[in-house]
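In what follows, chains are A, B, ... by sequence order, proteins preceding strands, each numbered from 1. Just so it is clear, the values below take in all heavy atoms, side chains as well, and ignore hydrogens, waters and symmetry mates.
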Amino acid sequence: MTELHDTVLDWYDANARDLPWRSATASAWSVMVSEFMLQQTPVSRVLPIHEAWMERWPTPADLAAEPTGEAVRAWGRLGYPRRALRLHAAATAIVEQHDGEVPASYDELIALPGVGDYTAAAIATFAYGKRHVVLDTNVRRVFARTLSGVEFPAQSVNKAERELAAGVLPLDEPTAATWSVAVMELGALVCTAANPSCTRCPVADLCAWRAAGHPAYDGPPRKVQTWAGTDRQCRGRLMAVLRDADAPVHRSRLDTVWSDETQRRRALEGLLKDNLAKEVEPDFFALP
DNA sequence: CAGACGTGGGT
DNA sequence: TACCCAAGTCT
């Protein structure tokens, strides 16, 4: 434990947001649902959906008992709706293989649909207090700045970065868990991507990037997501129609939300293939 | 490993 | 207005 640890932990103790999945009484399932929803999605948009989900499906078995389409519908406009599909599939696997209890080990977690390295480490850590390196975009950015002296981390996690994070992970299990959530919170609230608030950063005096004079990012161009006119936008339009419908919709209804026929057909085929939609009878479509 | 995969708020 | 970006995973 170093001054960096003490400072970050003290800052978290005083500044942590009171989020439902951080409650002392939050179930592992609540943590798991939050982690799925938070993938690439801001906290503010997750909060109401997470609350609704926990009320409707307080256990994995409750969700697994419903059709996948109900999960997709209740996902609302969170984005990346296949996360809802994967969460439903994970709930089913938990019922069938883990007696309805969210498993606690990283290996069991990462075997679940929709659970990758980050989410497995996060659930094991935040729901069960295990000691794992938790590397999300916030943690990576904080370490890039404070420890490596650069504005942004590499495009993907490499061995050196993982070892760096492992090297500063407290040995004590519960402290390691708090450390990870504290670093994430610092990245989310202070050491942000666009406009970091160095003036109110608790570790500014210990930050290598600041010490170096905030050198500008000089790595490869960071990928920017195209959106307008893409298949993804088209898929989103089609899914919105299916979500908002209370009965199967005719193909002609889908035609109204996207003019390019070739792209519209391709997008619909993709949704059917991904099991986000189904053709209940010829030319009539609905959520699965 | 690069690209696909939603959505909306902030600047 | 455009562009950036938000607790990634899968192929």
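- Taking 4.0 angstrom as the limit, A:Gln39 places none of its side-chain polar atoms (N or O) nearer than this to OP1 or OP2 of C:dA7.
- Residue A:Arg77 places its side chain closer to B:dG8 than to any other of B:dG8, C:dA7, B:dC5.
- No contact: A:Ile110 has no heavy atom under 4.0 Å from any strand.
- In this structure, A:Trp227 atom CH2 and B:dT7 atom C1' are separated by 6 Å, rounded to whole Å.
- Minimum atom distance to the side chain of A:Val43 is reached by C:dA7, of the listed C:dA6, C:dA7, B:dC5.
- Proximity of A:Arg86 to the phosphate of C:dT9: no side-chain N or O atom is located under 4.0 Å from OP1 or OP2.
- Between A:Thr230 and A:Gln233, the side chains place no donor N or O within less than 3.5 Å of an acceptor N or O (distance only, hydrogens not considered).
- No hydrogens or angles considered: nothing links the side chains of A:Ser180 and A:His132 as a donor-acceptor pair under 3.5 Å.
- Residues A:Trp57 and A:Trp29 keep their aromatic ring centres 6.0 Å or farther apart.
- Across the C1' atoms, C:dT9 and B:dG9 are found 24 Å apart, a figure rounded to whole Å.
- Here the separation of B:dG8 from C:dT1, taken at their C1' atoms, is 16 Å to the nearest Å.
- Among the nucleotides B:dG6, C:dA6, C:dG8, the one closest to the side chain of A:Arg82 is B:dG6.
- Within 3.5 Å, a donor on the side chain of A:Arg45 pairs with an acceptor on the base of B:dT7, or the reverse.
- Using atom P as the reference point in both B:dC5 and C:dA7, the two lie 23 Å apart (nearest Å).
- The closest side-chain donor-acceptor pair between A:Arg265 and A:Thr262, if any, does not fall under 3.5 angstrom.
- Comparing A:Tyr80 and A:Ala194 by the nucleotide of DNA chain C that holds the closest heavy atom to each, the one mapping nearer the 5' end is A:Ala194.
- Dashed line: the shortest gap from a side-chain N or O of A:Arg17 to OP1 or OP2 of C:dA7 is not under 4.0 Å.
- Neither OP1 nor OP2 of B:dC1 sits under 4.0 Å from any side-chain N or O of A:Ser156.
- In the set C:dT9, C:dA7, B:dG6, the nucleotide with an atom closest to the side chain of A:Thr137 is C:dA7.
- Checking A:Arg232 against A:Tyr80 by side-chain atom types alone, a donor-acceptor pair falls below 3.5 Å.
- Closest to the A:Thr119 side chain, of the nucleotides C:dG8, C:dA7, C:dC5, is C:dG8.
- Nucleotide B:dG6 holds its C1' atom 11 Å from the CH2 atom of A:Trp75, rounded to whole Å.
- For A:Arg243, the side-chain atoms get nearest to B:dT7 when compared with the rest of C:dC5, B:dT7, C:dA7.
- Using a 4.0 Å cut-off, some side-chain N or O of A:Arg222 falls inside it from OP1 or OP2 of C:dC5.
- As rounded to whole Å, 15 Å separates atom C1' of B:dG9 from atom CG of A:Leu47.
- Side chain of A:Asn195, nearest nucleotide from B:dT11, B:dG8, C:dA7: B:dT11.
- The phosphate of B:dA4 has neither OP1 nor OP2 within less than 4.0 Å of any side-chain N or O from A:Arg266.
- C:dG8 atom P lies 7 Å from atom CE of A:Met184, rounded to whole Å.
- For A:Asp231, the listed nucleotide lying nearest its side chain is B:dC5; candidates were C:dA7, B:dC5, C:dG8.
- In this structure, A:Met239 is a member of the same hydrophobic cluster as A:Leu272, with clusters built from ILVMFWY side-chain heavy atoms closer than 4.5 Å.
- Mapping A:Arg237 and A:Gln155 onto DNA chain B by nearest heavy atom places A:Gln155 closer to the 5' end of the strand.
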